Undergrad: 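Below is the structure I would like to discuss, written out as structure tokens.
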Protein chains: 2
Amino acid sequence: MGSMSEDQTPTYVDSGSGFNRDMNYIPDRILAGERSADPLDDRFPSGSKDSPREVQRWPAQPGRYRLIAAKACPWANRTIIVRSLLGLDDAISLGLPGPTHDKRSWTFDLDEGGRDPVLGYERLQEAYFARYPDYPRGITVPAIVDVPTKAVVTNDFPQITHDLFFEWRDHHRPDAPDLWPDHLREEMEEVMKRVFTEVNNGVYRCGFAGSQESYDAAYDRLWVALDWLEERLTDRRYLMGDAITEADVRLFTTLARFDPVYHGHFKCNRNKLTEMPALWGYARDLFQTPGFGETIDFDQIKRHYYVVHTDVNPTGIVPQGPELESWHTPHGRERL
Amino acid sequence: MGSMSEDQTPTYVDSGSGFNRDMNYIPDRILAGERSADPLDDRFPSGSKDSPREVQRWPAQPGRYRLIAAKACPWANRTIIVRSLLGLDDAISLGLPGPTHDKRSWTFDLDEGGRDPVLGYERLQEAYFARYPDYPRGITVPAIVDVPTKAVVTNDFPQITHDLFFEWRDHHRPDAPDLWPDHLREEMEEVMKRVFTEVNNGVYRCGFAGSQESYDAAYDRLWVALDWLEERLTDRRYLMGDAITEADVRLFTTLARFDPVYHGHFKCNRNKLTEMPALWGYARDLFQTPGFGETIDFDQIKRHYYVVHTDVNPTGIVPQGPELESWHTPHGRERL
């Protein structure tokens, strides 16, 4: 998410303790006129836990919203992939902040004049303040912004990709994949939960550990999970079997960052992704699938982590490695 | 060498510029009673360049000197290997400072009571001050200390291993290897020079670069050299052919630290050593040769770099990886 709160020198490592992700997001949702059925959706309308606010329901109207998603950020990367897989490019526009941000906010420094061409903002922070002038939490991506009011609607990243699937169905491309197959849903929720706590977040738990003890525990926990995934993917082409689901999107954005960033910068270095045959084949298989690889910008990814986390990498120097051409090599996973 | 000067917060990265190693050492030498012939030895008696001091000649007497060499340090590691290969264990005793040091000096924190059992010192610094009360440079290992006076004789690391070979011949074991074969000497000097400037020191040039520009240049330079070595070792078992020489010792101590430290900590991460078949086979071949592998303490190596270089790794957290069991796997280099 790459959170940044105002008036604070950014620190990521909490000295002496472990890393805990703030999971309190703006819980508003964008819903279909006639709500699509999601039998397991018991979260609605409460939104993210501990939210003090009443959840507002926004209508799913093509052309109304702008997804703000930095290519560097793995949580934002998920939304770019799902939007592409579902063919929502015309329904929801996309704004792309640059890979590094200052202490106040993600910025639109890659856009002409340093402003998002639709919202006119220099900083994503402005969209948060347009909604809540006293917004106290991190300015995170992904965020969906209501273009008419230029105010943020939600930054609740797992809910965003869920709703792009269930609530925007009328606007999907005809051959959009079934990212949330009903018959696999319960197992998929379990897999996604484990992938989130142990892998997506597990790499951060290693990298932002504030003590050797918390790092060691995080490292062990991460590799237990990666070994489980390696085994699971040895005889399954995708996490849930023969077809790509939301679970694959969620794992993929972490795997794409593994060797370029997490291996060295976050000290997740038992081995490289390239040294785990099933996971490496799986990652390349997805990378070479339309909707995945073209959303990966390794330069932005590396610059983000190595430049932003000054308390992990004070020199700000971005490594030139690793060699990444091998992402394009044959993966041989079609046989599974 | 792991230099430390007094009253100074240790900094390794020189912000905004490249890394330059201070090569000014105490140039004294320990010489055989009847000096062994070294036809290419044109350095003597001038010692290291720019030295303001007159070089003193000390006699090669078994039992008189103590080699102080931290296992963590690659430059010190060379001397431990050469001493072992030549069978000088009884002639020259060995003191082993711990892997981390405070801002004043390497310390004998691994020894009982925190003191070297022969010299009685807590800090190597004391041996330097016993010789020069105002010693202004870094307190480095390896260092040879004269036990009767407890004063440092020399810390000139390339000269030390040279002299262990040429000046201590009378005390070598009968089957000691010819680490400096006459007929290869000129080519070997060229190879060692390139290995030193491009690899031994090249990894430090990457890791202590004070700007992206100097890092990028250092990285490119390092990989040109590693590709040259990979090619050279594809059809040669050792750097100079069929037998181990001083050149192999000098390359080995850098290779042993490559994946555990230089790959991540120094951002030498185009690929791991394990991804270069000839170099990786060569490194394991040496590791499995008596005199090499048993001098490698991966825990000490990792702790040294990750704990001491606080301006590169401010958290001081030591990575658990990489997996290192594979150093013991068959290398297949006997066929070369």
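These figures come from a predicted structure and were not determined experimentally. Chain identifiers are assigned alphabetically (A, B, ...) following the order of the sequence lines, protein sequences preceding nucleic acid strands; residue numbering begins at 1 within each chain.
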Undergrad: In residues 266-280 of chain B, which residues are in contact with chain A at a heavy-atom separation under 4.5 Å?
TA: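 B:Lys267, B:Asn269, B:Arg270, B:Asn271, B:Lys272, B:Thr274, B:Glu275, listed by number.
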
Undergrad: May I ask you to test the A:Val203-A:Phe258 pair for a side-chain heavy-atom distance under 4.5 Å?
TA: yes

Undergrad: Let's go through B:Glu198 and B:Val224 carefully: what are the C-alpha distance in whole Å and the side-chain angles of both, what is the deciding distance for side-chain contact (heavy atoms from CB on, under 4.5 Å) to 0.1 Å, and is it a yes or a no?
TA: CA-CA 9 Å; B:Glu198 307 306 295; B:Val224 166; over 6 Å; no

Undergrad: Should we say atom CD of A:Glu112 is surrounded by more than 12 heavy atoms from elsewhere, each under 6.0 Å from it?
TA: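 Open.
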
Undergrad: Assess, by modelled atom type and distance only, whether the side chains of B:Asn200 and B:Arg194 contain a donor and an acceptor separated by less than 3.5 Å.
TA: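 Side-chain D/A pair, B:Asn200 to B:Arg194: absent.
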
Undergrad: In terms of heavy-atom pairs under 4.5 Å with chain A, which of B:Val318, B:Val13, B:Ile317 leads?
TA: B:Ile317

Undergrad: With respect to chain A, which residue among B:Pro314, B:Gly316, B:Gly210, B:Gly264 yields the maximal number of heavy-atom pairs within a distance under 4.5 Å?
TA: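 Highest number of heavy-atom pairs under 4.5 Å: B:Pro314.
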
Undergrad: Going by atom types alone, do B:Thr329 and B:Ser326 pair a side-chain donor with an acceptor below 3.5 Å?
TA: no

Undergrad: Can B:Thr295 and B:Asn77 be counted as having a side-chain donor-acceptor contact under 3.5 angstrom?
TA: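 Side chains of B:Thr295 and B:Asn77: pair found under 3.5 Å.
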
Undergrad: Indicate whether the side chain of A:Tyr305 and that of A:Tyr262 have a donor and an acceptor atom separated by less than 3.5 Å.
TA: yes

Undergrad: Measure distances from A:His265 to the heavy atoms of chain B and classify the residue's part below 4.5 Å as side chain, backbone, both or neither.
TA: neither

Undergrad: Pick from A:Val312, A:Asp220, A:Asp216: which one has the most heavy-atom pairs with chain B under 4.5 Å?
TA: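 The answer is A:Asp216.
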
